[in-house]
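What follows is a set of notes on a single structure, which appears directly below.
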Amino acid sequence: MIIQQHSIMIGSDCRSAFEFIADLRNDWRWRTEVRTTVLDGEVRLGAVAVEASYLSKKMPAYLRKLVCSSYTPGQTVAYQTEPANLHYLKTTRWAVSHGPNLSQLTYRLEFDPSIVRFSLGYPVPRLIIHYVTRRAMKAYLRNLKRILEQQPGGCSH
């Protein structure tokens, strides 16, 4: 299992920042591989999302079904693949307030490295998968910071 977790301080109120990252329909704005995400209603426990992502030239439109497995409004949300999925993935996101317009956002990702071989067609050493994942996640959080801090009042959908 590959597990990465990174945090960033963002100049935005905690509730707005959390609502933005909890809704997977916003992921295309800050995660470069995500093309679209359809969610079956509002963010809630049991909500189902279908994400279309570009994983590689071999896998330019990978569809992944995710179910909201944990949700505490304004604080934490987790989505994960269903047990029958061949390539396990779980994403957890949470927000902690450090003042009226300062929030710490944390993004945790757990996934089965077999998805990398599946999407590329050849095996990649775990060390490289860890490195590439860490680099991508840090870039995603910088994108998120830029987006949330550019919005008037901190954040809007």
Side-chain angles (χ1 to χ4, degrees), residues 1-55 61-116 118-119 129-130 133-157:
M1 191 67 55
I2 303 295
I3 300 172
Q4 291 281 329
Q5 178 176 309
H6 300 283
S7 298
I8 194 164
M9 298 300 289
I10 295 182
S12 177
D13 73 277
C14 190
R15 181 159 294 282
S16 295
F18 175 77
E19 288 174 1
F20 187 86
I21 64 168
D23 190 338
L24 295 182
R25 293 171 290 196
N26 292 319
D27 280 19
W28 68 272
R29 296 180 62 191
W30 59 282
R31 292 179 47 225
T32 54
E33 84 279 7
V34 176
R35 300 301 181 239
T36 62
T37 304
V38 177
L39 189 62
D40 71 343
E42 295 306 309
V43 176
R44 68 189 186 293
L45 190 61
V48 176
V50 176
E51 176 185 278
S53 299
Y54 176 92
L55 298 184
Y62 181 70
L63 294 178
R64 177 182 354 253
K65 186 176 177 182
L66 299 163
V67 178
C68 182
S69 57
S70 174
Y71 180 58
T72 304
Q75 295 177 6
T76 185
V77 66
Y79 293 89
Q80 66 186 58
T81 52
E82 296 178 313
N85 192 296
L86 295 175
H87 309 290
Y88 173 82
L89 178 133
K90 181 177 183 181
T91 177
T92 308
R93 298 132 185 233
W94 61 93
V96 176
S97 178
H98 287 271
N101 284 309
L102 186 61
S103 306
Q104 179 180 3
L105 299 182
T106 302
Y107 175 37
R108 179 182 172 95
L109 186 62
E110 304 169 40
F111 65 95
D112 181 342
S114 68
I115 187 68
V116 177
F118 175 75
S119 65
I129 297 171
H130 274 284
T133 302
R134 178 175 55 249
R135 189 168 173 236
M137 287 179 72
K138 287 182 177 185
Y140 296 161
L141 288 172
R142 286 190 302 272
N143 289 343
L144 187 60
K145 179 180 178 75
R146 179 183 41 78
I147 291 164
L148 294 179
E149 289 181 349
Q150 284 179 354
Q151 297 294 331
C155 177
S156 70
H157 306 298

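None of these values were measured; they are calculated from a predicted model.
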*Please step through side-chain contact (heavy atoms from CB on, under 4.5 Å) for the pair I2 and V116, ending with a clear verdict.*
CA-CA 11 Å; I2 303 295; V116 177; over 6 Å; no
*Where do E42 and A47 come nearest, in terms of heavy atoms and distance?*
O-CB, 3.8 Å
*Rounded distance (nearest 0.5 Å) linking atom CG of D112 with atom NE2 of H87*: 7.5 Å
*Exercise: identify the closest heavy-atom pair between C68 and L45*: O-CD1, 3.6 Å
*What's the spacing between T81 OG1 and I115 CD1 if we round to 0.5 Å?*
9.5 Å
*OG1 of T91 to CG of D27: how many Å apart, nearest 0.5 Å?*
7.0 Å
*Do you know which two heavy atoms are closest between A52 and L63, and how far apart they sit?*
CB-CD2, 3.6 Å
*With rounding to the nearest 0.5 Å, note down the distance linking CG in L24 to OG1 in T36.*
11.5 Å
*Do T37 and L66 have side-chain heavy atoms sitting under 4.5 Å apart?*
no
*For R135, look at atom CZ and say whether over 12 heavy atoms of other residues, nucleotides or ligands are found less than 6.0 Å away.*
no
*Any chance you could measure L109, atom CG, to M1, atom CE, to the nearest 0.5 Å?*
10.5 Å
*Is there a donor-acceptor contact under 3.5 Å from the side chain of E149 to the main chain of G11?*
yes
*Kindly compute the distance separating OH (Y140) from OG1 (T133), expressed to the nearest 0.5 Å.*
8.5 Å
*Do R146 and R142 come close enough that some side-chain heavy atom pair is under 4.5 Å?*
no
*May I ask you to decide if S12's main-chain N or O and S103's side chain share a donor-acceptor pair within less than 3.5 Å?*
yes
*asked:* Ring-plane angle category for Y71 and F18, please: parallel below 30°, perpendicular beyond 60°, tilted otherwise.
replied: parallel
*Might you point out which heavy atoms bring Y88 and Q80 nearest each other, and give the distance in Å?*
OH-OE1, 4.2 Å
*Going by heavy atoms in the side chains, are E51 and V34 under 4.5 Å from each other?*
yes
_Quick check: closest heavy atoms across H130 and Q4, and the distance to 0.1 Å?_
ND1-NE2, 3.2 Å
*May I ask you to decide if A22's main-chain N or O and Y79's side chain share a donor-acceptor pair within less than 3.5 Å?*
yes
_I need the minimum non-hydrogen distance between K90 and A78, along with the two atoms involved._
CE-CB, 3.9 Å
*Between D23 and R25, is there a side-chain N and carboxylate O pair less than 4.0 Å apart?*
yes
*H6 side chain reached by Y107 side chain, heavy atoms, under 4.5 Å*: no
*Using only heavy-atom distances, determine whether the side chains of R108 and T106 contain a donor-acceptor pair under 3.5 Å.*
no
*Could you pull out all residues at least two apart from Y62 that satisfy side-chain hydrogen bond (donor to acceptor under 3.5 Å, both in side chains)?*
none
*Are side-chain heavy atoms of W94 and T92 found at a separation under 4.5 Å?*
yes
